[in-house]
Structures are given as structure tokens and as C-alpha cells.
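Comments concern the structure below.
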Amino acid sequence: MERRLSSMNQPPTYGDYVTILSIDGGGIRGIIPATILSFLESELQKLDGEEVRLADYFDVIAGTSTGGLVTAMITTPGNNDRPLYAAKDITTFYLDHCPKIFPQSSGFLGSAFKFTSAVTGPKYDGKYLHKIVRKELGDKRLHETLTNVVIPTFDIRLLQPTVFSSYQIKADKSKDALLSDISIGTSAAPTFLPAYYFENEGNDGKIQSFNLVDGAMAANNPTLVAMGELTREIFNQNPDFFTIKPMDYRRFLVVSLGTGTSSSTDNYSAKDAAKWGVLGWLYNSGGTPLIDTFQQASADMVDIHISVVFKALDSEQSYLRIQDDTLTGDTSSVDIATEKNLKDLVKVGTELLQKQVSRVNLETGKFEPVPNEGTNEQALIRFAKLLSKERRTRLQRSPHPSSE
């Protein structure tokens, strides 16, 4: 199978950076990074024209769970080999379809039904999600994306992560699955949506089975997974990275988008958790403490690790992590898909653009504003200029320039 990249892309060997976009998991909170992506794409269009899309600027786009679905939407080819979705249309997708993916019930009976569902099976049957994802992504497969893609999932039969990566499909044909199957699999959050099974033909015609649940079980923040995939390609002497040395992270340009997390004053307490049994850890105060805990721990540990690496290399400004850790009430939920809450999440994303650039404090683990780096909006404008310059540099240096 032949990799199919955007006609505007050139490999990193002709540029100065390796560019990565990463999008966390988080259910309906995917609206938050969708708002950020819309702004970034609009800035790129101001520089390079209305026809450009995010896929034209990033060597790899990684996404987990809801972030995996967004990744597929902005990299799957539609008409004229342009991405199926412009970034500005993703928020509309969430507003239109989330109420049907996560139908809400209200009142005492509604709460009782939710609790019963959480105990006896997933809260939602997933049928509408499967239907709309298959309709939108059609028969497109991983090798057809307009830039390289990395989407983590977790195989519960093997009890190990399964990463669907553009870089792996030559060696393992079974990973060249339908993007709809990959997106459904990475979104199958335990207790919320049913686990997902599908088969795909692998090497030598052998059928490979996949028994998947939420990619957040492996990496809720997939930034490090994407960096690992790229590093392996460099070690394997992929000609796309000919001028780049292994572990030369100074040349990595990374935008990592979170989906928000609860305020530190709005979470669980050890006093309460000390009384919980199995059901308490699986369902308490309307949330799922066990899942919330390990997903957030996974995301934060990735951010801390990458922050240490970029700080050690004195290249902190090459890593932009945008995350809101002040969510409260319904906005911190992954599935309260009421009209009001969805609109509130759009507001959260918009307001996040105006907040100061923050980095994780390596001592406390908390996000703290960074002096003299401006707002997230200003940082994204700076990154847009870097990405635009990088794309133009590659086109100029390439002996086989793409037509624009």
C-alpha cells in the first residue's frame, strides 16, 4: 500500500523541524481542543490562503479517544484530496451529534437508570456513534490519511496497547484498518460505551482480530506515543528524517491539546475514597473515580516527562501544552451532553485562548502561568508563523516541490 499525503506536504528532511499535533481524550470535552484547532487553522489560513488545512503542516497528528475521532476527521480525505472536515466544523459536529451519542435522562428515575446502567453494562449503547462515524469516514483506511496519524487503543484480550500508526502499516498490514473502526475502538470508554471488536486482514492474508477499548487506557495524552513513533523512524533511517539525529528533540515542534480537567477543589477526597468498594470506585458522585484517576494521571505524567525533556534541552518554547485545569460541575463531565453544557464547553475553549500560557510545575504538578509568554492565543499565532515558515522552507528546499 502507498502512503497518501497531502499534496502540500514535504518530509522533515527538507526542513528545520519535525512537527507534531496531539489531542487528548475526554468525551464531549473534545469541544475544547476543537475550539483551539479552529483558531490555529484560521491563523494558518491568514498566512497561506483559505485552502490550507492543519494536515498540511504537521508530520504526524495523534489523538486518543475523542481526540482520535478528531484526528480522523481532519486527516481523512474528502473532495479534491482535502480533509473531510475543516477545523471550524468540528465544534458543529459535536454540538449536533453528542446529544444523540450520549442521550440524557433527567430526574430521580433518570439518575436511578444511570446508576443501574453503570452497574449492569455501559451507560450508552454506542449505536448512534457507530452509525455516524461509519457514515462520515466511509471506507477510508489508515494509509489514505493526508498526513501521518497515530491513534492509541487498548486490546483487552491481549491486555496491552494497540497503536494504529501510519508508520507501522508497511510492516503490519492488519494495522491498515478502516478509520471508522479505529475511531470507534479508541472511543470505547469503559462503563460509558461498549468494547469494540473488528477483524482485518494482515500479512500473508491472515485475519487479525482486535478487541478494543478506549485508547485512554493506554495513553490519554498521546504526545509521547507520537514522539516515540517518530524516534523509531529516525532510528530505522527512514529517508524522510535523513538530516535528523535520534533524540534530537530540539528539532521537534509540538502542540499538545488537553480536553480540560477538574479543579483541584472539585475532585474526590481520601476521606471519601477510604469507604469505597468496587462500586464506589466505578461510580460515585456522578463520576467514575477509578477511570478519572488513571486517565488524568496518564495525561499529566506525559506532560511532566515531555516538559522535563524540553527544559533540559533549553527549548521549552518548542513545546506548547494548552490545558484547562479549572473545570467544575457539568463541564468536567465526559458525557453530560445537554445543550447548555455543550455551549458552556465552547465558552471554556474560547476563554482558554485568552488565558496565560501555562506549564506544569515539575515540583507540584500544577499548571502555572509562564511570565512573558502571553496568552495561548498569542502562542498559537507564534506557532502558526513557525509552521507556515517551516512548510515554505520545505517546499523551497525539496528537489521535487509539490504544486500549490
Side-chain angles (χ1 to χ4, degrees), residues 1-23 33-34 37 40-41 44-45 48-49 51-64 67-87 89-90 137 140-152 163-170 175-177 179 182-183 186 222-223 225-234 238-241 244 251-257 383-384 386-395 398 400-404:
M1 74 207 67
E2 185 177 345
R3 285 289 301 127
R4 175 181 178 178
L5 298 179
S6 164
S7 61
M8 298 187 183
N9 287 8
Q10 291 292 333
T13 192
Y14 301 121
D16 298 320
Y17 293 102
V18 178
T19 56
I20 300 172
L21 172 63
S22 176
I23 310 164
L37 292 173
L40 177 57
E41 190 169 88
L44 291 167
Q45 290 171 341
D48 296 328
E51 76 283 357
V52 300
R53 298 289 184 266
L54 293 168
D56 302 323
Y57 294 87
F58 289 98
D59 295 310
V60 60
I61 300 179
T64 293
L69 176 56
V70 172
T71 295
M73 292 166 68
I74 61 177
T75 61
T76 298
N79 295 330
N80 302 318
D81 275 354
R82 294 282 74 207
L84 187 66
Y85 273 77
D89 297 325
I90 298 171
L137 300 181
K140 296 295 190 296
R141 293 185 176 270
L142 183 56
H143 79 273
E144 297 179 86
T145 55
L146 296 172
T147 191
N148 297 295
V149 164
V150 172
I151 300 178
V163 178
F164 290 89
S165 167
S166 300
Y167 298 110
Q168 296 182 21
I169 55 180
K170 283 187 177 180
K175 296 290 182 66
D176 188 32
L179 287 161
I182 297 172
S183 298
T186 193
T223 309
V225 180
M227 292 175 67
E229 288 292 295
L230 289 167
T231 301
R232 179 166 55 186
E233 291 303 300
I234 296 169
N238 183 327
D240 284 352
F241 304 91
I244 301 164
R251 295 186 62 178
F252 279 38
L253 194 64
V254 181
V255 178
S256 176
L257 304 181
F383 265 75
L386 288 171
L387 290 165
S388 176
K389 181 180 178 182
E390 173 68 12
R391 175 172 166 271
R392 291 177 182 275
T393 297
R394 294 185 189 186
L395 289 168
S398 172
H400 307 291
S402 300
S403 58
E404 295 193 64

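If you're wondering where the values come from, they're calculated on a predicted model, not measured in any experiment.
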(message) Applying side chain to side chain contact (heavy atoms under 4.5 Å, CB included) to T64 and I23, what does each step give before you reach the verdict?
(response) CA-CA 7 Å; T64 293; I23 310 164; over 6 Å; no
(request) Classify the side-chain pair S22/T223 by whether it contains a donor and acceptor separated by less than 3.5 Å. (result) yes
(message) I'd like to know if the side chain of R251 and the backbone of G15 have a donor-acceptor N/O pair within less than 3.5 Å.
(response) yes
(request) Mind listing the closest non-hydrogen atom pair of V52 and Q45 along with its distance? (result) O-NE2, 3.3 Å
(request) Indicate whether any N or O donor in one side chain lies under 3.5 Å from an N or O acceptor in the other, for D48 and Y57. (result) yes
(message) Using modelled atom types and a 3.5 Å cut-off, is there a donor and acceptor pairing between side-chain atoms of Q10 and backbone atoms of S398?
(response) no
(request) Test salt bridge (charged side-chain N to carboxylate O under 4.0 Å, His left out) on R232 and E229 and set out the steps. (result) CA-CA 5 Å; R232 179 166 55 186; E229 288 292 295; 2.5 Å; yes
(message) Could you check whether any side-chain heavy atom of I182 comes within less than 4.5 Å of a side-chain heavy atom of R141, counting everything from C-beta outward?
(response) no
(request) Please say whether more than 12 non-hydrogen atoms of neighbouring residues, nucleotides or ligands are located less than 6.0 Å from CZ in F241. (result) yes
(message) Please find the pair of heavy atoms, one from R53 and one from A86, that lie closest to each other, and give the distance.
(response) NE-CB, 3.6 Å
(message) Test your reading of the model: is there a side-chain donor-acceptor pair from S165 to the backbone of V150, 3.5 Å cut-off?
(response) no
(request) Check whether any side-chain N or O of T231 sits under 3.5 Å from a backbone N or O of M227 as a donor-acceptor pair, and report yes or no. (result) yes
(request) Give, for atom CG of N148 and atom CD of Q168, the distance between the pair rounded to the nearest 0.5 Å. (result) 11.5 Å
(message) Could you measure the distance from the CD1 atom of I151 to the OG1 atom of T75? Nearest 0.5 Å is fine.
(response) 6.5 Å
(request) For a side chain to side chain contact (heavy atoms under 4.5 Å, CB included) with I20, tell me which candidate from I61, L230, V255 qualifies. (result) L230
(message) Please identify which of these residues, D59, D16, D240, meets the salt bridge (charged side-chain N to carboxylate O under 4.0 Å, His left out) condition with R394.
(response) D59
(request) Could you tell me which non-hydrogen atom of V60 sits nearest to which non-hydrogen atom of A226, and how far apart they are? (result) CG1-CB, 4.4 Å
(request) Compare all side-chain heavy atoms of L54 with those of L44 and state whether any distance is below 4.5 angstrom. (result) yes
(request) May I ask you to test the L179-L142 pair for a side-chain heavy-atom distance under 4.5 Å? (result) yes
(request) Measure the shortest side-chain to side-chain distance between V70 and P33 over non-hydrogen atoms and say whether it is less than 4.5 angstrom. (result) no
(request) Decide yes or no for K175 and I169: does some side-chain heavy atom of the first lie under 4.5 Å from some side-chain heavy atom of the second? (result) yes
(message) Could you measure the distance from the CD1 atom of I244 to the CD1 atom of I234? Nearest 0.5 Å is fine.
(response) 5.0 Å
(request) Drop me the distance from L387's CG to L253's CG, to the nearest 0.5 angstrom. (result) 5.5 Å
(request) To the nearest 0.5 angstrom, please state how far the CG atom of L84 sits from the CG atom of D89. (result) 9.5 Å
(request) Nearest 0.5 Å please: distance from the NZ atom of K170 over to the CG atom of D176. (result) 12.0 Å
(request) Please answer whether the main-chain N or O of P152 pairs with a side-chain N or O of T186 as donor and acceptor at a distance below 3.5 Å. (result) yes
